[in-house]
Structures are given as C-alpha cells and as structure tokens.
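Owing to the predicted nature of the structure, the values given are computational and were not obtained by experimental measurement. Quick note on labels: first sequence line is chain A, next is B, and so on, each numbered from 1.
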2 protein chains.
Amino acid sequence: MKEGPDITLIGSLIGDPARANMLSALISGKALTASELANEANITLQTTSAHLKKLEAGGLIRQRKQGRHRYFNLADEDVATLLETMMGLAAKKGHIRTRTGPKAPEMRKARVCYNHLAGEFGVQMFDSLIGRGFLLEERDEIAITDSGRDFIRGLGINLELLQKAKRPLCKSCLDWSARRSHLAGSLGTALLNHIYEKGWAKRLEDVRVVEFSRRGEAAFHNQFPRLTD
Amino acid sequence: MKEGPDITLIGSLIGDPARANMLSALISGKALTASELANEANITLQTTSAHLKKLEAGGLIRQRKQGRHRYFNLADEDVATLLETMMGLAAKKGHIRTRTGPKAPEMRKARVCYNHLAGEFGVQMFDSLIGRGFLLEERDEIAITDSGRDFIRGLGINLELLQKAKRPLCKSCLDWSARRSHLAGSLGTALLNHIYEKGWAKRLEDVRVVEFSRRGEAAFHNQFPRLTD
DNA sequence: ATTATAGTTAGATTAATATCGAAGTATGAA
DNA sequence: TTCATACTTCGATATTAATCTAACTATAAT
C-alpha cells in the first residue's frame with residue numbers, strides 16, 4: 001500500500017476480493033470468527049489472519065477476544081454505511097457479482113442483505129409499499145409519503161427516531177437474485193426488525209437466510225399484500 | 001482485477017494512489033483534461049490514459065470529447081457521494097493525507113472541498129454556527145436546531161428541499177489544512193452556493209481556491225462572526 | 001500431561017498491475 | 001504539407017502484495 005490520498009487505503013482494503021468477501025459477510029452485523037471468515041472468502045486461515053490484521057489497522061473492523069476465539073465485527077455504523085453505499089453504486093453500475101449469486105432457493109426467497117430484507121420477500125414488500133402509495137419512487141430516490149408515515153407508525157415503529165439517524169431513511173437496493181429493487185436504509189432495517197419482533201421469521205446464526213414460519217409467512221403476505229395491477 | 005464480489009472493482013479502482021488523486025481532483029465538479037489529471041497524479045500521460053480507461057469502464061467517470069481535448073468528470077452525483085463518504089470515514093479513522101496537503105496560502109484560507117467551503121473560512125463558518133447554537137455537535141453527528149432552521153431559512157435557503165435529498169443535511173468534514181471540522185452535507189453545499197450567489201466570492205475555473213472580494217469577506221465575517229469564548 | 005482447536009508469524013512463490021519508453025492516431029494550426 | 005498538441009496503444013520491466021506451506025503460540029478439553 002503506497003502513499004496516496006486518504007481514500008486510497010480504504011479503497012485498497014475493499015479492493016481485494018478476499019477482504020471484500022469478508023466485509024460482505026460481516027455487514028449482516030453478526031460477529032464472525034477468523035475461521036468462518038476464511039471459509040467465507042475461500043482462503044486459508046493464515047491468509048485470512050493477514051487480511052484481518054490489515055482491515056483492523058485500517059479501522060474497518062474490530063475484534064473481541066473470547067477464549068480461544070476471536071470475533072470480528074465491522075468497526076462501526078459508518079463502515080456499514082460506506083459498504084452499503086458502495087454496494088448500491090456497484091449495483092447501479094451493473095457490477096453484479098459474477099461468481100457467486102445466491103445459490104440456495106431459500107436464499108432467493110428471503111435473506112438478510114446488510115441489515116434489511118432481500119430476496120423475493122424483500123422485493124414484494126417494496127412493491128407493496130410502493131403500490132399502496134406509502135413510498136414514492138422518483139428516479140433513484142425513494143421518499144415516504146404522509147400515508148406511508150401513518151402506516152409505519154401504525155406498525156409501532158418510531159419514525160422520528162429513524163429520521164434522526166445519519167443513514168438515509170429510504171434507499172433502494174438492487175437485488176442480486178431478483179434483479180429488482182428492494183428497500184434499504186434505516187426504514188428497511190426497522191422493517192426487518194419488525195418481522196423478527198413479530199416472530200414471523202427467525203434470526204438464524206451464521207447464515208443470511210431469513211427463515212419464515214408458516215404463520216409468519218401468512219402474516220407477512222397479509223401485511224404487505226402483492227397487488228395485482 | 002480478479003473476480004470478486006461487486007464492491008471489489010470499485011474498491012480497487014479507488015485503491016490506487018494515482019486514480020485516487022485523479023478522483024479527488026474531479027470531486028470539485030470541474031471537468032479536467034487527461035493532461036491535467038496526469039499532472040495532478042504526478043504520472044505520465046500514458047499511465048494516466050490507462051487509468052482513465054479503467055475508471056470509465058468501472059463507471060466512475062465520464063468523458064466528453066471536444067476538439068483534441070477530452071474532458072473528464074465524475075460519472076454522476078452518486079460517485080461524488082461515495083467519495084465524500086469515503087473521505088469522511090478516512091478522516092475519522094485518521095487516514096490523513098501524508099504527502100500533499102494544500103500548499104498555497106490562498107488554499108489554506110478558503111477552498112472548495114468537494115462542494116462545500118473548507119479552509120479557515122470554512123472552519124470559521126462552522127464554529128460560528130455551532131457557537132450561536134444553530135448547529136449541535138454530538139459525538140460525530142451534526143444536527144440543526146430550531147433556531148438554526150430559522151437562521152438558514154432567513155438566508156433564503158429552501159431547507160425542506162435539502163432535507164428531501166439522499167445526502168445527509170449536516171455532516172462534519174475534517175479539514176486538511178486546519179485539522180479542524182467544517183460543514184459538509186447538503187447544507188454545506190447550499191451555504192457555499194449562497195456565498196457565490198451573494199457575490200461574496202468568485203467561482204474560479206480549474207482551481208479549488210475560493211476567492212473572496214474585499215466586500216465579500218466583510219459580509220462573510222458579518223454573517224458568520226467569530227465568537228470569543 | 002497430552003491432544004485438539006484457534007489463530008499468528010515467517011519465508012518463499014507467484015500473479016497482478018502500475019509504470020514508463022517508444023511508436024502510433026487524431027485534431028488543429030501555420 | 002508540415003508541424004505541434006493531445007491522447008492512445010504496445011511491449012517490457014519492476015514492484016507490490018496475495019497466497020500457500022511450515023512452524024509457532026495460546027486456550028481449552030480429556
């Protein structure tokens with residue numbers, strides 16, 4: 001890593017495929033061990049160790065020692081925001097991941113993308129919110145409408161709290177599997193949490209698949225109905 | 001550039017010092033020729049050409065042919081946003097540019113940083129807004145107060161329009177020269193535009209220096225007084 | 001103690017790519 | 001036509017850094 005302007009280091013850290021894979025894995029918020037990250041990036045543990053050292057030195061990740069394990073996390077919310085921004089731009093520019101799309105059908109159905117819902121369920125939720133006039137899509141910007149505010153508040157979500165956050169409230173995110181937009185941003189995160197809190201789906205360890213129960217699936221479809229147009 | 005997840009390409013593009021220098025130069029919004037960018041990055045024109053090709057293929061820049069010149073720009077506002085986000089994170093993590101800070105004294109005084117005001121004038125404006133209770137600084141987040149809203153509206157700035165934008169309204173940005181914070185975000189941009197519109201300073205071509213007139217300087221100090229505490 | 005698991009460090013190899021020199025293309029000026 | 005400027009393409013070189021094997025440290029389990 002040669003000298004260069006301030007953004008060079010961060011760019012080169014993310015610019016390596018192995019490290020990018022690790023960061024992508026960490027973006028779900030779940031703490032992962034070095035071995036898990038090695039597996040995620042398909043490299044040996046030694047190489048992983050070297051990468052983790054660089055990522056930590058660059059301030060992108062943090063580690064917690066616990067017994068003989070080391071758990072790694074993104075350093076803070078800002079790093080997650082940066083990665084989200086990059087993913088969004090990459091999707092818009094058509095840099096779709098060539099190598100590994102979501103393979104398993106459960107992944108295509110519903111999965112965690114960073115910290116919001118993606119997959120068919122994510123797309124359906126987004127379409128439903130747009131279709132009922134709760135969200136407004138203009139070019140690439142998403143805005144919430146007045147009726148949308150009422151709807152979200154009706155779910156018991158504290159909208160004012162979300163708006164104070166640095167992250168944009170509404171943001172679209174292109175879906176790998178469906179090649180359609182779904183909802184990111186702090187509202188997207190809040191809605192995923194809502195799904196967990198209602199018990200519609202379980203938060204699985206280690207995996208990004210979101211597993212809906214039968215009842216949860218029905219409740220989801222009821223809350224975010226598919227509209228025939 | 002090996003295969004990898006979607007963010008890898010963008011990361012590696014920004015991760016090269018020469019390219020990062022070029023992108024930093026372009027972030028002011030001014031279109032630059034290949035030769036100018038070569039000069040900015042301190043590399044030969046041949047190497048520059050190769051870099052520009054990659055940046056364009058990656059969707060980060062656009063080019064316009066005009067006679068025997070080629071003018072380069074960032075591809076769109078999203079790219080600028082990404083770079084701003086990265087600069088912000090880099091500053092927070094302490095990855096300050098080691099090599100070249102702003103040299104010329106005019107640069108230290110007032111310059112364009114992305115699309116807001118930086119340098120001593122930028123820092124003073126920021127301090128003044130904080131000191132008069134128009135902005136609130138909590139940890140790394142900046143928020144506008146009710147009296148701040150009144151003040152900004154009083155300048156004739158449409159605050160509601162700014163808040164609808166994707167970009168955060170208020171954001172702090174660490175100053176290279178002053179090592180102090182100044183105001184970025186859409187409000188920062190709006191205030192810089194306000195300075196131009198009032199005729200306090202001229203928008204110079206090719207250079208990032210913001211040149212205040214005598215009268216403009218006085219008006220600026222009047223509008224954003226330095227507070228003795 | 002002994003063995004197993006989790007991770008780091010060191011050293012060698014290899015692959016990627018930034019860089020430049022030299023030659024070529026395109027536009028404009030004299 | 002000739003010359004100059006702006007930029008691209010080609011080919012060679014050199015440097016960087018990602019990767020692996022092997023050896024080492026630390027914690028935990030038996």
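For B/T47, a side-chain nitrogen or oxygen approaches OP1 or OP2 of C/dC20 to under 4.0 Å. Checking the phosphate oxygens (OP1, OP2) of C/dT19, no side-chain nitrogen or oxygen of B/T44 falls inside 4.0 Å. Within the structure, a side-chain polar atom (N or O) of B/R70 is placed less than 4.0 Å from OP1 or OP2 of D/dT8.
Residue A/T33 is in sugar-phosphate contact alone, with no base atom involved, counting any heavy-atom pair closer than 4.0 Å across all strands shown. Using a 4.0 Å heavy-atom criterion, one finds that B/S35 contacts the sugar-phosphate atoms exclusively.
In this structure, the CD atom of A/E36 is 14 Å from the C1' atom of C/dT5, given to the nearest Å. Here the P atom of nucleotide D/dA18 and the NZ atom of A/K53 are 13 Å apart, to the nearest Å. Rounding to whole angstrom units, CD of residue B/E56 and P of D/dC7 are separated by 14 Å. As a whole-Å value, the separation of B/K65 NZ from C/dA26 C1' is 7 Å. As a whole-Å value, the separation of B/Q63 CD from D/dA6 P is 16 Å. The distance between atom NE2 of B/H69 and atom C1' of C/dA29, rounded to the nearest whole Å, is 12 Å. Look at CD1 on B/I43: it is 10 Å from P on C/dA18, rounded to the nearest Å. When the P atom of D/dT16 is taken as reference, atom CZ of B/R19 falls 16 Å away, rounded to whole Å.
For A/H51, taking side-chain heavy atoms from C-beta onward, the closest of the listed nucleotides C/dC20, D/dA18, C/dT8 is D/dA18.
Of the charged side-chain nitrogens involved, at least one lies within less than 4.0 Å of a carboxylate oxygen, so that A/E211 and A/K202 count as a salt-bridged pair. Ion pair B/K92/A/D6 not flagged as a salt bridge, since none of the NZ, NE, NH1 or NH2 atoms sits closer than 4.0 Å to an Asp/Glu carboxylate oxygen. Between A/E217 and A/K109 a salt bridge is recorded (basic side-chain N to carboxylate O distance below 4.0 Å).
Scanning all heavy atoms of the two residues, the minimum distance from B/G58 to B/L13 falls at CA-CD1, 3.8 Å.
Comparing A/L45 and A/Q66 by the nucleotide of DNA chain D that holds the closest heavy atom to each, the one mapping nearer the 5' end is A/L45.
Between the base of C/dG21 and the side chain of B/Q46 there is a donor-acceptor pair shorter than 3.5 Å.
The aromatic rings of B/F212 and B/F121 sit tilted relative to each other, their planes meeting at an angle between 30° and 60°.
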